[in-house]
Amino acid sequence: MPNKVLNYTERGEGMPLVLIHGFPFDHTIWSRQLEEVGDSVRVLAPDLPGFGQSRALEGGEATMDDYADRLAQWAQEVGLGRFVLVGHSMGGYVAFAFLRRHADMIAGLGLVCTRSGPDSEQGKKGRYEMADNVRERGPQAVVDAMLPRLLSDETREKNPQIVAQLKEIMLRQSKEGIIAALQAMATRPNSSPLLETIEVPTLVVGGAGDQIIPAPEIDLMAATIPGARQERIDGAAHMPMMERPDKLSGMLRDLALGSRTVPNVPEPPDTDNIAKVRTHRG
Ligand code: MLT
C-alpha cells in the first residue's frame, strides 16, 4: 500500500506502535525493534519529513507542529486509529507537539532520551550556527559535532560497527532536512506544563551514559507524569535502540501491550505479511 505522506516500514499485526526517530537520523535506527517487537504488535517506523525517504516540509521555517501535523495526516492515511506513540530525542519533541494537537489519537506514550523543556538562549544560538555549518559542509558538520557524544564507551569498544552504522545514517540525510529540523528544535515551546496532564500509559527511558539528555532532566520528567514507568538502560548513552536493543524492545513491547489501544479501523486479515517487514515509499 503506497503512502504519499511519509515513507515508513512496518512489521507485525495488532496494536499499532509508532516509533519516531531523533535528529539527524531516519527510521532505520529502529531496525531491531521492528524485528523484535513486531512479533507481538504492529510496529510502524516512519521517516520524519526531510529525513530518510520522506519529502521535506514545504514553505518557510519549520516548526514541531508541522512535523506533528504531517505525522497525524500519515496516521490517518494509514488508518491507524489510536496508537502508541514513541519519540526518541527530537522524536520526543514531535511527540509533545502531537500530544498538544492530536491527543485523541494517542493511546500510550514512550519518551526515549528526550526532554520536555525548550532550548536555552545559548542552545538556540548553537542550532543556528550548526545550520550555517551544514549549509557550508553538509551532514559531515553534524557528524563531527554529535557522533563523539552519542554512544557509550562500552558500545564504542564492544560494537564499533554501531559507530559506523550511525555515521552512515547521519551522512545520508539531506542538508534541507537537517536545517529545517534545527530551526524547529530552536523554536520549540516548553512542553513541561503538559507533563502533569498526560493521561495515557507512559514509559520514560534514559540511557545511563547519555551526555545529550542528562539523567536529572529525565528523572524530573518521569516524576511529573502521573503513573509513568521510568527505566534507565545501563551500557547505553543516547541511542539505546541500537546500543541495548533487546532491553528497549522489551520495554516497548510492555508499553504497547499495556496500552488500551483500540484501532478504529480494523486491519484486514493479512496472514502472508505476518513476520515480514513491509516498506512503503513516500
Ligand atoms: C536528537 O537526538 O534528536 C538530538 O540530539 C536532540 C537535540 O539536539 O536536542
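All values below come from the heavy atoms of this structure, side chains included, with hydrogens, waters and symmetry mates left out. Both counts, for ligands and for their atoms, begin at 1 and track the order of listing. A quick note: this is a predicted structure, and the numbers were derived from the prediction, not measured.
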Any carboxylate oxygen within less than 4.0 angstrom of a Lys/Arg side-chain nitrogen, looking at [X] and [Y]?
X: Asp219; Y: Arg232; result: yes
X: Asp39; Y: Arg11; result: yes
X: Glu121; Y: Lys125; result: no

For residues 33-72, pull every pair meeting ring-ring contact (aromatic ring centres under 6.0 Å, His included), keeping only residues two or more places apart or in separate chains. His21-Phe51
Which residues pass the side-chain hydrogen bond (donor to acceptor under 3.5 Å, both in side chains) test with Thr28, sequence neighbours left out? Asp26, Arg172
For ligand 1, what are the residues with a heavy-atom contact below 4.0 Å?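 Answer by chain and number: Gly22, Phe23, Phe25, Ser89, Met90, Tyr93, Arg127, Met146, Met185, Ile212, His238.
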Results of ring-ring contact (aromatic ring centres under 6.0 Å, His included) for Phe25 - residues two or more places apart only: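 ring-ring contact (aromatic ring centres under 6.0 Å, His included) list for Phe25, sorted by chain: empty.
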